[in-house]
Protein chains: 2
Amino acid sequence: MTTAPLSRNEAKELTRRRLLRAALRILDEEGEAGLTTVKVSRAAGIAQSSFYVHFRDKQDLLKSLWHEGGGRLLRATHQARSLSIEAPTDRERFRDAFRIPLESMCRHPELFRISRRVRHDPGSPLAEFAREAEKISRDLLVEDLIASGFTAGTEQERRRVEMIADCLGALTERMAIGHLEGRYPDLEEALDVIIAFSRGYLSLLPRENRA
Amino acid sequence: MTTAPLSRNEAKELTRRRLLRAALRILDEEGEAGLTTVKVSRAAGIAQSSFYVHFRDKQDLLKSLWHEGGGRLLRATHQARSLSIEAPTDRERFRDAFRIPLESMCRHPELFRISRRVRHDPGSPLAEFAREAEKISRDLLVEDLIASGFTAGTEQERRRVEMIADCLGALTERMAIGHLEGRYPDLEEALDVIIAFSRGYLSLLPRENRA
DNA sequence: AATTTCACCGATAGTACTATCGGTGAAATT
DNA sequence: AATTTCACCGATAGTACTATCGGTGAAATT
């Protein structure tokens with residue numbers, strides 16, 4: 001039992017992190033309606049009024065939660081993934097391109113569930129962020145698809161590639177949800193199914209670009 | 001301008017419907033946080049206190065909204081759809097099997113968006129209903145898939161068929177969202193992509209059952 | 001015609017939460 | 001050692017909403 005001699009700044013930073021952690025848990029377990037300054041503060045071990053020492057208001061807390069959690073997750077996922085989608089001929093790499101985001105979602109269940117839930121909730125201050133993240137995610141996937149042979153010259157072609165990216169995202173998310181709910185305990189089984197569906201979209205590749 | 005002579009019962013039923021309509025709109029536009037007895041009542045043209053003449057509380061309103069709207073939609077969709085999935089060899093029928101639920105979602109945008117949003121919101125009184133509906137939906141699809149040749153003898157096979165059903169649902173919902181947001185104006189284009197992905201899952205059919 | 005029913009009203013008590021304010025004591029600075 | 005800073009506290013005013021209650025007048029029943 002060593003007594004840590006915390007400086008005032010360190011102590012403040014610690015309670016700030018406690019508040020963010022508590023907010024993440026409450027948001028995940030009880031939804032946005034359950035997130036109050038009273039609950040977060042109590043969970044972090046400070047008085048309700050002290051909440052405002054760390055955040056201007058609840059929206060400020062949510063913003064911080066997003067920028068210090070959600071944003072990083074998104075970028076890390078896509079950085080790792082785009083490395084492996086570039087060679088769709090290689091079976092293992094192709095599989096990795098789906099495994100990486102799937103595992104990333106499952107490794108951060110709270111953030112994943114919250115950002116999913118918030119995305120289409122017009123009353124949520126996080127909605128805008130989550131939708132922007134979704135768009136970025138889709139756009140990155142579109143780039144990858146174009147790099148792997150899809151054409152997006154006409155409006156219609158562009159839409160089609162976006163739809164494919166959208167569908168790939170939907171498949172991955174749905175399998176992640178099933179896994180987190182305990183219905184699909186084996187991620188490799190889920191990957192098998194995603195890959196099978198993806199064989200289908202490959203049929204939309206222009207013939208001359210197929211490997 | 002004919003003055004309709006409404007009986008007391010008819011008048012009551014009319015305000016009840018006004019309340020339900022208003023609730024649906026507010027729920028869709030502002031989310032659950034925006035749905036208050038004050039707003040619903042005002043939108044329906046009655047005093048806040050008169051809300052309780054029609055519903056015990058807000059949860060009661062939500063329950064009614066679900067049972068008199070959501071439930072019917074789900075059943076109608078699946079009834080229409082299962083007629084056409086039974087003959088996956090017939091291209092037009094196969095396509096219909098996806099078009100029917102897709103169109104059904106797009107025809108009831110508020111209900112569709114609300115039930116989607118509410119499904120994973122632990123704070124929502126509708127969450128339970130929406131999740132049950134999702135399960136029913138998936139189970140019905142699983143039955144259809146088994147009827148069309150998939151096997152579900154072992155635990156693993158059963159899981160796989162459930163995953164496929166889950167994925168089909170995810171694809172359809174995602175395309176419906178894109179259409180309702182205006183990104184995919186042409187539903188037939190979206191159907192093309194869903195069908196392409198589905199060619200992939202057909203590869204998971206046991207060889208001896210393929211048409 | 002007399003009586004009863006009841007959808008609706010305004011007023012209001014109660015609840016939950018937000019956000020501010022002055023005060024305190026220990027850490028940090030001088 | 002004296003002074004300043006500031007994370008945290010309890011108290012509290014303000015806001016938004018829920019749900020009840022007694023009253024009213026027109027419809028429904030007798």
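Each chain gets a letter, A, B and so on, in the order its sequence line appears, and its residues count up from 1.
As a whole-Å value, the separation of E32(A) CD from dA16(C) C1' is 17 Å. Between R17(B) atom CZ and dA7(C) atom C1' the separation is 17 Å, expressed in whole Å. The CG-P distance, from L35(B) to dC17(D), rounds to 11 Å in whole Å. Remark: P of dA26(D) and CG of N9(B) are 18 Å apart, rounded to the nearest angstrom. Distance L6(A) CG to dC6(D) C1': 16 Å, rounded to the nearest Å. Between E30(A) atom CD and dA16(C) atom C1' there is a gap of 14 Å when expressed in whole angstrom units.
Which of dT18(D), dT18(C), dA28(D) sits closest to the side chain of R8(B) comes down to dA28(D).
Contacts of residues 41-64 of chain B with DNA chain D (heavy atom under 4.0 Å): Q48(B), S49(B), Y52(B), D57(B), K58(B).
More than 12 heavy atoms of other residues, nucleotides or ligands shown are found within 6.0 angstrom of CD on E188(B). A 6.0 Å sphere centred on NZ of K63(B) holds no more than 12 heavy atoms belonging to other residues, nucleotides or ligands. The number of heavy atoms from other shown groups lying within 6.0 Å of CZ (R21(B)) does not exceed 12.
Taking the six-membered ring where the residue is Trp, the centroids of F197(A) and Y201(A) are separated by 6.0 Å or more.
F55(B) and F51(B) have tilted rings, their planes meeting at an angle from 30° to 60° on a 0 to 90° scale.
Across every strand in view, dT29(D) sits in a pair with dA2(C) that passes the Watson-Crick or G-U test at under 3.5 angstrom. In this entry dT24(D) has dA7(C) as its Watson-Crick or G-U wobble partner, both defining distances falling under 3.5 Å. Across all strands shown, dA19(C) pairs with dT12(D); the Watson-Crick or G-U wobble distances both stay below 3.5 Å.
Residues S7(B) and K39(B) both approach DNA chain D. Their nearest nucleotides, taken by heavy-atom distance, put K39(B) toward the 5′ side.
For T151(A) and E157(A), the side-chain atoms include at least one donor-acceptor pair closer than 3.5 Å.
Atom-to-atom distance recorded for L27(A):CG and L65(A):CG is 6.5 Å, nearest 0.5 angstrom.
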